[in-house]
Amino acid sequence: MLMNMPNGKPGDSTVTFTRRLQTRLWVAVMLGIVGLFIVFVGWQMPVDTLSAEKDFMSGFMLGLGSGLLGGAIVTFIRTYRLLHNPEKLRDARIQCNDERLTAITTSAGRMAWMAGMGALMLASGTLALLGQFAPLITVLITMGALGLFFVIATIYYKIKM
């Protein structure tokens, strides 16, 4: 979500590229706030030792919020450092315009997507066989959300390009 490579399109001017990075900073701040809120909600959930569902949801919320918060902090720091170092900004813009690297990154993203969905399908099948329906529902909702996000992103980039 915040990919390893700076956001940009081939042929972007320096001003447009800088604006995209500034937008990325604000997205990182917003994701950090959402992550912090999710951690707070997960921390406040009552843990009942007799009910595995409440305990599972508390751990899920804490893990999800911590992951969002950590990713947002790292993205913010990396983007901020990139914006305040003209040499690195120039190198990142050149790297973003490299068609070969863009193709490699796209292929790697597709492979990671397929591996992640395969792992989620394996996990959902395992949970169904074990009769654990609360985690199964969470995994299936996660798969549905990822699929929906993928479809929306694909449509957005097809319209944009």
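The basis for the numbers below is simple: all heavy atoms, side chains too, and nothing from hydrogens, waters or symmetry mates.
Around CD of Glu87, the count of heavy atoms belonging to other residues, nucleotides or ligands within 6.0 Å does not exceed 12. Counting heavy-atom neighbours within 6.0 Å of Trp26 CH2, excluding the residue itself, gives a total of 12 or less.
Side chains of Arg93 and Leu89 form no contact here, defined as non-hydrogen atoms less than 4.5 Å apart.
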Exercise. Check the pair Arg24 / Leu21 against side chain to side chain contact (heavy atoms under 4.5 Å, CB included), numbers first and verdict last.
Key: CA-CA 5 Å; Arg24 186 173 162 182; Leu21 289 176; 4.1 Å; yes
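With sequence neighbours excluded, the residues forming a side-chain contact (heavy atoms from CB on, under 4.5 Å) with Leu148 are Ile152, listed by chain and number. Shown here are the side-chain contact (heavy atoms from CB on, under 4.5 Å) partners of Leu69, two or more places apart in sequence or in another chain: Leu36, Ile73.
A perpendicular orientation is assigned to the rings of His84 and Tyr80, their planes being inclined by more than 60° (bins at 30° and 60°).
Criterion: ILVMFWY side-chain heavy atoms under 4.5 Å apart, direct or through other members. Under it, Leu64 and Phe40 are not part of a common hydrophobic cluster. Linking Ile, Leu, Val, Met, Phe, Trp and Tyr whenever their side-chain heavy atoms come within less than 4.5 Å puts Val29 and Leu83 in one cluster. In the hydrophobic cluster analysis, where Ile, Leu, Val, Met, Phe, Trp and Tyr join through side-chain heavy atoms closer than 4.5 angstrom, Leu62 is grouped apart from Leu68.
We find the CD-CZ distance between Gln22 and Phe17 to be 11.5 Å, quoted to the nearest 0.5 Å. We find the NZ-CZ distance between Lys88 and Arg78 to be 9.5 Å, quoted to the nearest 0.5 Å. Interatomic distance, CD1 of Ile38 versus CG of Leu31, reported as 9.5 Å (0.5 Å rounding).
Heavy atoms only, all atoms of each residue included: Ala72 and Ala28 are closest at CB-O, 3.1 Å.
Screening Met117, Arg110, Met111 for a side chain to side chain contact (heavy atoms under 4.5 Å, CB included) involving Met114 leaves a single residue, Met111.
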